[in-house]
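Note that the coordinates shown come from a computational prediction; the quantities given were computed from them, not determined experimentally. The figures that follow rest on heavy atoms only: side chains count, while hydrogens, waters and symmetry mates do not. Order of the sequence lines fixes the chain letters, A, B, ..., with proteins taken first and strands second; residue numbering starts at 1 for each chain.
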Protein chains: 2
Amino acid sequence: MTEEASPPPLDPAELGAYFALIEVSSLLRHTVEQQLRDAGDLSYVQFQLLARLGDTADGSQRMTELADGVVYSRSGLTYQVGLLEKAGLVARSPSAEDDRGVTVTITEAGRDVLARVFPGHIDVLRQLFLEPLARADIDSLARVLTVVRDHMRSIPPRSAKRRRKSAARQSPNGGGA
Amino acid sequence: MTEEASPPPLDPAELGAYFALIEVSSLLRHTVEQQLRDAGDLSYVQFQLLARLGDTADGSQRMTELADGVVYSRSGLTYQVGLLEKAGLVARSPSAEDDRGVTVTITEAGRDVLARVFPGHIDVLRQLFLEPLARADIDSLARVLTVVRDHMRSIPPRSAKRRRKSAARQSPNGGGA
DNA sequence: TATTGTTATACTCTATAACTATA
DNA sequence: TATAGTTATAGAGTATAACAATA
């Protein structure tokens, strides 16, 4: 085990893509988190959860569905949803069809926070991320990163080791769009 | 509060680039962190610090230089370097020219850990990130993301929060929550 | 007076394991 | 037995502010 064959090193473009990706996403994430904190007292994860709920027709999703979207341990999701509920931004109710389940619904207050936070969020994205890019760059970026994402999603995620989520079955509303 | 005019919403390509960027970097980061933890008991930040030191001619850098590279608060850097030192992977010594300064140097053990961790690191990058991409995609990705990074670096971000001196103290804003 | 770096501290987030209640 | 979700708990990481020593 000490003698692992060294893989060939990455070439400059590969290294460049990797380092730039990490650096860009770190800086962007950092700035966005500050904006969300300032504007709505939300962490990024909480924002993601609210945004996800706000995107559905009835503003509701089951815990499991939320966990599928945001890569989390179940307890982590319970924690974050608990915070949102305490802040009055979501409500929990027993699931109709499955007595084990819990349905999370965004409240009016939750939608208000979302609306209050969105403009600044978009501003940050424009100023920090999109501003220096040409139309073709953005298209290219979206295309290539989507390829990578789909590839990553198609691979056995480590989280599947313990308690498998609904990874095996095909969910109609996967997470697309 | 300020009434911000709603900016025009992002178009699909812009949204796609943003979401894919966040998702890809999250998943990649997550996987890499596990690998680093498993192979060398290193957090990603610790790996970054070691790699940075290992990249210099003499394996040394001042705390300030390290802080410039890795987006951190000074105390955070002190904490991480403290951990690395405790593990014997770096050594601290007083800076030669500036008696206030501290020079951090990677040790032999530190280089060993780096060498032990690199192959798996590169494997993860290849399998998860680079594998589905054509040569041209990687080049394109590197180019576009580098543009973004340079743009981000040229802006205000973290330097703005640097170290601020306490000028005339504002009245203590009692609102604690 | 400004800067380098540390310390003290408080807090957020995340993961694991044990637990319940349904299916 | 397997799944949905919660709880208890423990640990890592980060930021802020106060501080000491030096420039």
Practice prompt. Please determine if R149(B) and E23(A) form a salt bridge, counting it only when a charged side-chain N lies under 4.0 Å from a carboxylate O.
Written response: yes
Worksheet item: Just how far, in rounded Å, is P of dA15(D) from CZ of R37(A)?
Response: 12 Å
Worksheet item: Only one of L141(A), V148(A), L21(A) forms a side chain to side chain contact (heavy atoms under 4.5 Å, CB included) with L21(B), so which one is it?
Response: L21(A)
Discussion item. Pairing donors with acceptors under 3.5 angstrom, does anything connect the side chains of T103(B) and S60(B)?
Written reply: no
Item to complete: Kindly point out which of dG5(C), dA15(D), dG5(D) is positioned nearest to the side chain of T78(B)?
Response: dG5(C)
Item to complete: Take S75(B) and Y79(A), find for each the nucleotide of DNA chain D with the closest heavy atom, and name the residue whose nucleotide sits nearer the 5' end.
Response: Y79(A)
Item to complete: Please lay out, stage by stage, how L42(A) and L84(A) fare under the test side chain to side chain contact (heavy atoms under 4.5 Å, CB included).
Response: CA-CA 9 Å; L42(A) 291 178; L84(A) 288 173; 4.3 Å; yes
Practice prompt. Kindly say whether, by distance alone, the side chain of T64(A) makes a donor-acceptor pair under 3.5 Å with the base of dT3(D)?
Written response: no
Fill in: Distance test, side-chain N/O of R62(B) to OP1/OP2 of dG5(C), below 4.0 Å
yes
Worksheet item: So does Q80(B) get a side-chain nitrogen or oxygen closer than 4.0 Å to the phosphate oxygens (OP1/OP2) of dA12(D)?
Response: no
Worksheet item: Expressed in angstrom and rounded to an integer, what is the separation of R100(A) atom CZ from dA21(C) atom P?
Response: 14 Å
Worksheet item: For the side chain of V102(A), counting heavy atoms from C-beta on, which of dT22(D), dG5(D), dA23(C) is nearest?
Response: dG5(D)
Worksheet item: dT14(D) P sits how many Å from Q34(A) CD, rounded?
Response: 14 Å
Discussion item. Distance check needed: dG5(D) C1' versus M63(A) CE, whole Å only.
Written reply: 7 Å
Fill in: Rounded distance (Å) that lies between atom C1' of dT7(D) and atom CG of L77(A)
14 Å
Discussion item. Distance check needed: dC13(C) P versus Y44(B) OH, whole Å only.
Written reply: 22 Å
Item to complete: Evaluate salt bridge (Lys or Arg N to Asp or Glu O under 4.0 Å) for R143(A) paired with D139(A), printing each intermediate quantity in order.
Response: CA-CA 6 Å; R143(A) 183 185 61 77; D139(A) 291 343; over 6 Å; no
Worksheet entry | Separation of atom NZ in K86(B) from atom P in dT6(C), rounded to whole Å | 14 Å
Worksheet item: Using a distance-only test with no angle check, is there a side-chain donor-acceptor pair under 3.5 angstrom linking H30(B) and Y44(B)?
Response: no
Worksheet item: Does anything in residues 50-61 of chain B reach DNA chain D, meaning a heavy atom under 4.0 Å, and if so which residues?
Response: none
Discussion item. Once you apply a heavy-atom cut-off of 4.0 Å, does S43(B) come out as touching a base, just sugar-phosphate, or nothing?
Written reply: sugar-phosphate
Discussion item. By nearest atom, which of the nucleotides dG5(C), dC13(C), dG13(D) is closest to the L83(B) side chain?
Written reply: dG13(D)
Worksheet item: Between D123(A) and Q127(A), does a side chain to side chain contact (heavy atoms under 4.5 Å, CB included) hold up when you go through it step by step?
Response: CA-CA 6 Å; D123(A) 284 347; Q127(A) 290 170 23; 4.1 Å; yes
Discussion item. If I take atom CD in residue Q46(B) and atom C1' in nucleotide dT14(D), what distance separates them, rounded to the nearest angstrom?
Written reply: 13 Å
Worksheet, complete the sentence: Against the side chain of S73(A), the closest entry in dA15(D), dA23(C), dT16(C) is dT16(C)
Discussion item. Show, in sequence, the C-alpha distance, side-chain angles and deciding distance for D41(A) and R116(A), and conclude whether the salt bridge (Lys or Arg N to Asp or Glu O under 4.0 Å) test is met.
Written reply: CA-CA 11 Å; D41(A) 200 39; R116(A) 187 165 77 242; over 6 Å; no
Practice prompt. Respond yes when some side-chain nitrogen or oxygen of R74(A) is under 4.0 Å from OP1 or OP2 of dA4(D), and no when none is.
Written response: yes
